[in-house]
Amino acid sequence: MSAVHSSPRVSLALLRRSFTGLILVALAGPGLACSDTASYSIGIVGDAAVQTGAPAFADGWTVEFDQFVVVVHHPGLIEQTADDPAWVRQLGVTVWDVAADFEPDTESFEIYAGALRAAKYDGFDFQIAPPSANGYPAESGNVDADVVDAMVEADTAIHVVGTATDGVQTIAFDWSFTTDTLYRCAIDIEPTAAEAGLSVIEIIGDRLFATALGSPTPTLAFAAIAAADVDGDATVTLAELDAVTLASSGYDAMGEDVGDLGGFVRALSRSIGSVIDSSSCEIIEG
């Protein structure tokens with residue numbers, strides 16, 4: 001997962017205020033007639049592993065999450081117009097616990113709902129990063145104010161709390177990550193006046209337990225993480241993982257410069273993001 005840096009020209013116009021910040025709508029013409037508008041919304045959801053627990057890993061361990069908090073920055077659609085990309089971006093920083101229960105009759109948490117220009121969009125991107133990354137104040141998505149305050153005070157991008165068991169022992173984990181990652185995902189949507197558009201960010205929880213960096217279908221395991229609990233308090237910390245060399249853990253960094261299990265799990269935290277129905281996502285390190 002090497003860093004990729006790109007700076008395509010952004011065409012932005014029509015400033016519109018919304019409940020979490022500002023949405024910038026890229027226009028092709030001088031005006032936006034009613035017949036040119038479409039309804040559009042952005043959601044966020046945890047995958048099945050986050051919501052209900054991961055199926056048994058290759059080594060027999062299972063994981064359940066009590067919290068999976070992420071800080072989301074500036075999600076936006078990308079419209080390619082003659083190789084000149086334009087963004088429809090929801091400016092703002094919001095904090096979400098994707099392990100929380102949904103409201104009745106909903107299948108995701110809503111980040112934004114509004115209108116945009118009816119057009120074909122082939123990309124979507126969003127950033128998971130510490131609250132300070134872009135200079136916008138962090139606001140609650142679906143969490144209490146104390147959770148927002150804690151993420152801001154620690155300047156943390158991701159906070160996960162949960163337990164793992166092999167049927168004999170149970171190990172808890174409470175990990176925070178300060179990684180800064182932009183996810184740029186290929187999509188194909190064309191919202192119209194008659195048919196609303198929807199993009200849903202998906203947080204893939206079990207990626208934190210992959211045994212190889214960068215693999216699209218990694219083997220998942222927890223036994224080496226559990227074994228790092230050297231003080232025997234049934235809670236494994238990132239500091240304890242830092243003390244485990246990668247060579248002794250059986251994990252594969254796939255050529256990345258990672259020497260210990262703590263660094264490996266931190267690297268994995270850059271791969272938790274995706275968009276439902278996306279064909280692929282590029283990971284761009286901040």
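Note that these values count all heavy atoms, side chains included, but never hydrogens, waters or copies made by symmetry.
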For [X] versus [Y], what's the shortest heavy-atom pair and its separation?
X	Y	value
Phe102	Gln51	CE1-OE1, 3.6 Å
Thr192	Ala38	O-CB, 3.3 Å
Ala138	Val95	CB-CG2, 4.3 Å
Thr179	Ala157	O-CB, 3.3 Å
Pro218	Ala210	CB-CB, 3.5 Å
Asp180	Arg270	O-NH1, 2.9 Å

Main chain of [Y], side chain of [X]: is a donor-acceptor contact present, judged purely on distance under 3.5 Å?
X	Y	value
Asp47	Gly205	yes
Thr106	Glu103	yes
His73	Tyr136	no
Glu79	Ala86	no
Thr52	Ala48	yes
Thr211	Thr219	yes
Tyr251	Val265	no
Asp59	Ala223	yes
Arg89	His74	yes
Asp144	Val147	no

Exactly one of Asp97, Val50, Val98 clears side chain to side chain contact (heavy atoms under 4.5 Å, CB included) with Gln67, and that residue is Asp97

Partner of Leu261 under side chain to side chain contact (heavy atoms under 4.5 Å, CB included), picked from Leu241, Leu238, Val236, Thr245, is Leu241

Under a 4.5 Å cut-off applied to non-hydrogen side-chain atoms, are [X] and [Y] in contact?
X	Y	answer
Val160	Leu208	yes
Arg207	Leu268	no
Pro131	Asp155	yes
Pro191	Tyr121	yes
Leu116	Val88	yes
Ile128	Tyr183	yes
Ile158	Ile272	yes
Val258	Leu213	yes

task = Begin with the C-alpha distance, continue with both residues' side-chain angles, and end with the deciding distance and a verdict on ring-ring contact (aromatic ring centres under 6.0 Å, His included) for Phe222 and Phe209.
result = CA-CA 6 Å; Phe222 193 86; Phe209 307 104; 5.6 Å; yes

Could you give the distance from [atom1] ([X]) to [atom2] ([Y]), rounded to the nearest 0.5 Å?
X	Y	atom1	atom2	value
Asp146	Glu153	CG	CD	11.5 Å
Phe264	Ser269	CZ	OG	11.5 Å
Thr181	Gln127	OG1	CD	8.0 Å
Ile187	Ser279	CD1	OG	9.5 Å
Ser278	Ile201	OG	CD1	11.5 Å
Ser199	Phe124	OG	CZ	5.0 Å

Taken in chain and number order and not counting sequence neighbours, the residues that satisfy side-chain hydrogen bond (donor to acceptor under 3.5 Å, both in side chains) with His159 are Asp174

Going hydrophobic residue to hydrophobic residue with side-chain gaps under 4.5 angstrom, can you get from Val152 over to Val161?
-> no

ask   = Are Ile204 and Val200 connected, step by step, through hydrophobic side chains (Ile, Leu, Val, Met, Phe, Trp, Tyr) whose heavy atoms are closer than 4.5 Å?
value = no

Between Val72 and Trp96, is a side chain to side chain contact (heavy atoms under 4.5 Å, CB included) present by the stated rule, with each step listed?
CA-CA 8 Å; Val72 177; Trp96 304 87; 4.0 Å; yes

Salt bridge (Lys or Arg N to Asp or Glu O under 4.0 Å) pairs touching residues 223-252, sequence neighbours excluded, are Asp242-Arg266

So the salt bridge (Lys or Arg N to Asp or Glu O under 4.0 Å) pairs with at least one residue in residues 62-75 (sequence neighbours excluded) are none

Discussion item. Let's go through Arg184 and Ile78 carefully: what are the C-alpha distance in whole Å and the side-chain angles of both, what is the deciding distance for side chain to side chain contact (heavy atoms under 4.5 Å, CB included) to 0.1 Å, and is it a yes or a no?
Written reply: CA-CA 9 Å; Arg184 182 162 295 154; Ile78 306 169; 4.0 Å; yes

Practice item. Answer yes or no: is there an ion pair linking Lys120 with Asp188, defined by an N-O contact shorter than 4.0 Å? Key: yes

Does [atom1] belonging to [X] count more than 12 external heavy atoms closer than 6.0 Å?
X	atom1	value
Asn134	CG	yes
Glu195	CD	no
Asp257	CG	no

Start with the C-alpha distance between Asp260 and Val244, add both sets of side-chain angles, then the distance that settles side chain to side chain contact (heavy atoms under 4.5 Å, CB included), and finish with yes or no. CA-CA 5 Å; Asp260 57 70; Val244 179; 5.9 Å; no

| said: If you apply the rule side chain to side chain contact (heavy atoms under 4.5 Å, CB included), what do you find for Phe173 with Phe65, and how did you get there? | reply: CA-CA 9 Å; Phe173 54 89; Phe65 292 97; 3.9 Å; yes

